[in-house]
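First listed ligand is number 1; within each ligand, the first listed atom is number 1.
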Amino acid sequence: MAKSDPLDTPMMRQYLATKREHPDCMLFMRMGDFYEVFLDDAEEAARILGITLTSRNKDDPNPVAMAGVPHHALAQHMPKLLAAGKRVAIMDQLEDPKASKGLVKRGLSRIISAGTCIEDDLLEARSERLLVAITALQGPCAVAACDIAGGTVWVEACADTPALMSALARWQPAELLLPQALFERDDRDMQLTQLWDGMQPPPCAGLAGSTWNPDEAWRWLCQELQVATLAGMGIADDERQLAAAAAAAVRYARNNAGDHLQHLRRLRRLRGDDYLILDGHCQRNLELVRNQRDGGRAHTLLATVDRCRTAPGSRLLARWLVRPLADTAPLMQRHEAVAFLLAEADLRARLRHDLDAVYDLERLVGRIASGRANARDLIQLASSLHAARAISERFSQHQQPQLIADMLPCLEDSDGLAQRISQQLVDHPPLSINEGGMIRDGIDTELDDLRRIRSGAGDWLAQYQHQQAQALGLKSLKVGYNKVFGYFIELGKQHADHVPDSYTRKQTLVNAERYITPELKDYEDQVLGAEDRIRTRERLLFDQLRDAIMTRLDDLQASADALSHLDVVAALAEVAQREGWCRPQLDPSTAIHLEQARHPVVEAVLGPGRFIANDCHLDADREHETPSLLVLTGPNMAGKSTYIRQVALAVILAQAGSFVPASKAHIGIVDRLFTRIGAGDELARNMSTFMVEMAETAAILNNATQRSLVILDEVGRGTSTFDGLSLAWAITEYLHDQLGCRCLFATHYHELTELAGERSGIHNCTVQVAEQDDDVIFMHRIIDGAATKSYGIHVARLAGVPDSVIARARHVLANLDDLNLCLGERERPSAAPATASSDGDSPMQLSIFASEPSPLLRELAALDSNDLSPRQAWDTIDALIAQARKECR
Ligand code: ADP
Ligand code: MG
């Protein structure tokens, strides 16, 4: 007899049918109290989640692999699945299994993917989870970034591939959506890796169909938003590609969510020209919102300035920081608002206090619109709206700056929604919206009547018990209730003979019998019915209230926006006041003048009073005497990188709308900011090839304008000294002569300082070092001039290299200096400056130049730094030190 196919059962057929429709998802099917997953998905789920892999029919020669999680624990497991790049389809029971005969009907309820999940457990309060749709893998390209929880879709056009890369770096998509044809390309992963600049791209999905057709998308969006044209949202008629990206993102999100996501209706057009352009390196190197160590928030610019009281405030601030403005007028408005709240300390304190009563309005609105809200959410909404109103009243007593004045009308709760919610809902409603207990008494007469029936219960029962006890003359007669049997009359076994005919036996206990009577049954029906009807009625009233809120989605989103703006400007005022920051003067010049500037993050790490402030003066205008390019030399660990980064951060803060960590700041608006860190220093990418470094440098040289600011840190280090030096030299010349932009170049090539002698726009500076006996102190103060020594040996000693090695190194250095002096001008590279001679004791002759090179040197010579990962470099240094110790013994 043929064995039956284990996959050919009604249940497995049901599972496999849905799986066929969503082959790229891991399908979890609800079965009783579990969500189960089968076959290959089961094996993968078991591996990712660390759950047990079992099988459905253990005795069969071909058992079906199965794994499962308790239904209440599914959300808990989701982050791991999403982190592994999975999309998860959830299949639920569409009917009560108890009521159904045979196979329970099941259907797909939603798909959870990294970019579309809106479950609170999966969202971080202070950062967005974005689904980003792109129409091409190379520029020109339209990009839509969709914040489903908050309800906004931003669209932007990227003219070329670098612009696309920079946009993707800014959005940091949780999931990327592509047209199906691109998704299926063989070289997709390679293209994405290039777009992500060597970093790991997010999970990616393809979307088929006409969704991406620009005309169709345009029509669809107009219909959805109930507008005749998208021009009002800044999308011109000939920019339908933008509509295509937006429509694709929204449709995919809706498909996945399995509901209407009606709040997803704020379409915002962003224009590259309005913003200071920061590419991916810049965002990474300057650690604006994510650090390089683990991608977290610690020690980032955002973490340092974020004094927001609300989560949406923090999210808005993060957007401001990665998207600083390039236009003076709106910036003035932000600075004006910050200045106002800085001066009005009392008002600011009250505002921040009021904001504590504001919940995440943006996401609350999303929950309400997608049908996931419960009564507690509505209470939070009401609390937020009450607070908004209080805030608006507070401000009305002051003459406000424009930005704030624009926000206030949005804070008024014009038709008393908050009032209505607080009037109808009890203060502490339950989590469930199906169990009653949400609506106050006195709101609805029908509900009140039902409740009266329910609560009359106690009186009627007591009376009935009394009456029956009297009638039978049995004082011990009791009326009670239990969940399984309902209401009953209980009598001791010994009274069984005295029971009247109207009593029907219901349950027998050890010593007693329980009965029901027609009156008691009637009563039971009425009470139990009341309970059910109360639940239904409360749910109806709740739904009505929610529907009333739904008609106000636009207003509520505007209030949410206004509150976030106020939160951010108040936070910026707070940080300005606490940290002593100044209001920057912004204008269209090409100058940067900072007095007593600090690096906000390093300063915060060092603690109060330990950071040494420095000035910075740059001007790309040749008419002025101020140099446009600074060559900064100085020993390792002196503070070069910190200094050049703090200038970039001051520009970003100023153009984001913040005050800056300086005593005085004058900044000519910067159009693009570039930072390049020499290969090997940028650990995050784990690719230390010189090629990459040069490609990046090429991008700067090709894209910087006279209004740009360029920060170069140790560029050229990824190759041999002379190559690197020559390139650094030529790059500096080009930046100065051809581009004429503002530039800070920190370098260990002392030779570059010669350029200052030849060009008036280039200036040398170095970090002050104090020498005391044998000790060297880094003053962290930037002064004019070039470094004369590198103090590498000093740094090595600080780092704990053994004394014998240090002593040996000193001898070697002295010898090398002598050797260098002995070389005639001809032998020395023309750009190399004369090094200071070492006077005093004449060092002993070094054997390394006289005899065979030591094994250590041979090993060193065999190394190629380009081939080493940071980890390997580390291990190699360890090995070399060990070797050196052996040789010095
Ligand atoms: P470099 O680039 O010259 O090697 P860094 O800029 O990386 O040096 O600075 C090294 C360390 O010196 C920093 O981590 C910080 O602790 C300290 N430092 C840098 N600049 C300052 C400063 N202005 N004031 C106080 N400490 C500083
Ligand atoms: Mg450095």
Does ligand 1 come near enough to [X] that some N or O of the ligand is less than 3.5 Å from an N or O of the residue?
{"X": "Lys640", "answer": "yes"}
{"X": "Phe611", "answer": "no"}
{"X": "Val602", "answer": "no"}

Gln283 side chain vs Leu278 backbone, donor-acceptor pair below 3.5 Å: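 Confirmed, Gln283 side chain pairs with Leu278 backbone.
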For ligand 1, which atoms sit closer than 4.0 Å to a heavy atom of Gly639?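 Checking each atom against Gly639, I get 1 (P), 3 (O), 5 (P), 6 (O), 8 (O), 9 (O), 19 (C), 20 (N).
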Between Ser628 and Asp619, is any side-chain donor less than 3.5 angstrom from a side-chain acceptor?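 No, Asp619 and Ser628 have no side-chain donor paired with an acceptor closer than 3.5 Å.
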Do we see a donor-acceptor contact under 3.5 Å between the side chains of Asn291 and Thr300?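 No pair is found: no donor N or O on one side chain lies under 3.5 Å from an acceptor on the other.
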Starting from [atom], what is the nearest protein heavy atom, named by residue and atom, and what distance separates them?
{"atom": "atom 22 (C) of ligand 1", "result": "His780 CB, 3.4 Å"}
{"atom": "atom 5 (P) of ligand 1", "result": "Thr642 OG1, 3.5 Å"}
{"atom": "atom 4 (O) of ligand 1", "result": "Met637 N, 2.6 Å"}
{"atom": "atom 7 (O) of ligand 1", "result": "Ser641 CB, 4.0 Å"}
{"atom": "atom 24 (N) of ligand 1", "result": "Ile612 N, 2.9 Å"}

Does Leu606 approach ligand 1 within less than 4.0 angstrom via side chain, backbone, both or neither, non-hydrogen atoms only?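 For Leu606, the contact with ligand 1 is made by the side chain alone.
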Counting only heavy atoms closer than 4.0 Å, does ligand 1 sit against the backbone of Ala746, its side chain, both, or neither?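 Within the 4.0 Å criterion, Ala746 makes no contact with ligand 1.
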Check whether any N, O or S atom of Asn636, backbone or side chain, sits closer than 2.8 Å to the Mg ion (ligand 2).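 Checking the Mg ion (ligand 2) against Asn636, no N, O or S atom falls under 2.8 Å.
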Straight-line distance of [X] [atom1] to [Y] [atom2], nearest 0.5 Å:
{"X": "Thr590", "Y": "His624", "atom1": "OG1", "atom2": "NE2", "answer": "7.5 Å"}
{"X": "Leu712", "Y": "Ile731", "atom1": "CG", "atom2": "CD1", "answer": "7.5 Å"}
{"X": "Thr697", "Y": "Tyr734", "atom1": "OG1", "atom2": "OH", "answer": "13.0 Å"}

pair Val767-Arg781: side-chain heavy atoms closer than 4.5 Å: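 Contact flag for Val767/Arg781 side chains = no.
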Determine whether Arg645 and Glu287 make a side-chain contact, defined as any pair of heavy atoms from C-beta on separated by less than 4.5 Å.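 Heavy-atom side-chain distance check fails, nothing below 4.5 Å.
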My question is simple, although I want it checked carefully: is atom 14 (O) of ligand 1 less than 4.0 angstrom from any protein heavy atom?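 No, there is no protein heavy atom closer to it than 4.0 Å.
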May I ask whether Ala613 has any heavy atom positioned less than 4.0 angstrom from an atom of ligand 1?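 In this structure, Ala613 fails to qualify as a contact of ligand 1 - no heavy atom is under 4.0 Å.
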Less than 4.0 Å is my threshold; does some heavy atom of Gly634 fall inside it relative to ligand 1?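 Heavy atoms of Gly634 never come under 4.0 Å of ligand 1.
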His593: which of Lys664, His666, His617 passes side chain to side chain donor-acceptor pair (under 3.5 Å):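 Among Lys664, His666, His617, the one that satisfies the side chain to side chain donor-acceptor pair (under 3.5 Å) with His593 is His617.
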